[in-house]
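Quick notes on the structure that follows.
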Amino acid sequence: MALAINQASNAHLDALFQIGSERRDEAINLFQKILNKIIKNPQEGRFKDLNHQKISDKFAKIHWKASEPIIELLKQAGFEQVQCSEKGQRLRLNNDTSKCEQVLNDLYTKQQLEQERLEKERQKIIEANNKRLNNAANLKKRAMKNKILAQHNEQMKLAKQGIYNVGSSVSDRKGTGNGVNSLSY
């Protein structure tokens, strides 16, 4: 399944996805919250006018690498950086929310691609572990362990019935049967 991501957004999403998953998810949730409020309330001006420094600091607090890609994604979503004499640096959105929707769709696509990549990595690790564990030596060890456990279970069933089949040596009792009987000469 080929999913398309806008090239301009992709570079910033790649930078965002370099952050560890826990911090990245926290930053993405805040980013989605900002854009979803705009999409749900397109006429509400307060969601379209953001304090650049506060937004940047919020994302930097989550992770120091998150601020720059998120600010760039906000610009991709239609925000413009403007200087206000009374309010300082602002990020303002024009009235077109279609870019917000496009950036959110790119983000969802990137998250889906990341999940697919992680699932492929998990499968590779599982295959490597299965290959490592299913070699001849490990299979022999597993068979021996299963044999000993089966004999032990049989001895326990007999013991519950009052039949105590105690061998003359520990190896006889454990079922390996090759031990030297120290009691006979």
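It should be emphasised that the depicted structure is a prediction, and the values quoted were computed from it without experimental measurement. Sequence positions, counted from 1, serve as the residue numbers for this chain.
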Should [X] and [Y] be counted in the same cluster of Ile, Leu, Val, Met, Phe, Trp and Tyr side chains packed under 4.5 Å apart?
{"X": "Leu74", "Y": "Tyr108", "value": "yes"}
{"X": "Ile19", "Y": "Leu118", "value": "no"}
{"X": "Ile39", "Y": "Phe79", "value": "yes"}
{"X": "Ile70", "Y": "Val82", "value": "no"}

To the closest 0.5 Å, what do you measure between [atom1] ([X]) and [atom2] ([Y])?
{"X": "Ile148", "Y": "Met144", "atom1": "CD1", "atom2": "CE", "answer": "5.5 Å"}
{"X": "Leu104", "Y": "Leu35", "atom1": "CG", "atom2": "CG", "answer": "4.5 Å"}
{"X": "Arg132", "Y": "Glu127", "atom1": "CZ", "atom2": "CD", "answer": "14.0 Å"}
{"X": "Asp25", "Y": "Ile62", "atom1": "CG", "atom2": "CD1", "answer": "10.5 Å"}
{"X": "Ile55", "Y": "Leu91", "atom1": "CD1", "atom2": "CG", "answer": "7.5 Å"}
{"X": "Lys61", "Y": "Ser56", "atom1": "NZ", "atom2": "OG", "answer": "13.5 Å"}

Nearest heavy atoms of [X] and [Y], plus distance in Å:
{"X": "Cys100", "Y": "Leu93", "value": "SG-CD2, 3.9 Å"}
{"X": "Phe59", "Y": "Ser67", "value": "CB-CA, 3.8 Å"}
{"X": "Arg90", "Y": "Cys84", "value": "CG-SG, 3.7 Å"}

Check whether any side-chain heavy atom of [X] sits under 4.5 Å from a side-chain heavy atom of [Y], and report yes or no.
{"X": "Asn41", "Y": "Arg46", "answer": "no"}
{"X": "Ile71", "Y": "His52", "answer": "yes"}
{"X": "Arg24", "Y": "Ile28", "answer": "yes"}
{"X": "Lys58", "Y": "Leu30", "answer": "yes"}
{"X": "Ser9", "Y": "Leu73", "answer": "yes"}

Donor-acceptor check, side chain of [X] to backbone of [Y], threshold 3.5 angstrom: yes or no?
{"X": "Arg92", "Y": "Glu80", "result": "no"}
{"X": "Lys48", "Y": "Gln43", "result": "no"}
{"X": "Arg142", "Y": "Leu133", "result": "yes"}
{"X": "Asn135", "Y": "Asn138", "result": "yes"}
{"X": "Asn105", "Y": "Glu101", "result": "yes"}

So, [X] and [Y]: side-chain donor and acceptor under 3.5 Å apart, yes or no?
{"X": "Gln115", "Y": "Glu119", "value": "no"}
{"X": "Gln53", "Y": "Gln89", "value": "no"}
{"X": "Gln18", "Y": "Lys65", "value": "no"}

Discussion item. Using the rule given for salt bridge (Lys or Arg N to Asp or Glu O under 4.0 Å), can you reason through Glu72 versus Lys75, listing the C-alpha separation, both sets of side-chain angles and the distance that settles it, and then say yes or no?
Written reply: CA-CA 5 Å; Glu72 293 303 318; Lys75 289 178 182 177; 3.7 Å; yes
* Starting from the C-alpha separation in whole Å, work towards a yes-or-no answer on side chain to side chain contact (heavy atoms under 4.5 Å, CB included) for Asn10 and Asn6. => CA-CA 6 Å; Asn10 195 34; Asn6 180 351; over 6 Å; no
Tell me, with the steps shown, if Val103 and Leu107 meet side chain to side chain contact (heavy atoms under 4.5 Å, CB included).
CA-CA 6 Å; Val103 170; Leu107 176 62; 5.6 Å; no
Worked verdict on Phe17 versus Gln111 for side chain to side chain contact (heavy atoms under 4.5 Å, CB included): CA-CA 9 Å; Phe17 275 76; Gln111 286 176 313; 3.8 Å; yes
Report task. Can you establish whether the number of heavy atoms outside Glu121 located under 6.0 Å from its atom CD is more than 12? Result -> yes
*Evaluate the side chain to side chain contact (heavy atoms under 4.5 Å, CB included) criterion for residues Phe47 and Ile34: first the C-alpha distance (whole Å), next the side-chain angles of each, then the deciding distance (0.1 Å), finally the verdict.*
CA-CA 7 Å; Phe47 297 133; Ile34 291 169; over 6 Å; no
Between Glu114 and Arg117, does any NZ, NE, NH1 or NH2 come within less than 4.0 Å of an OD or OE carboxylate oxygen? yes
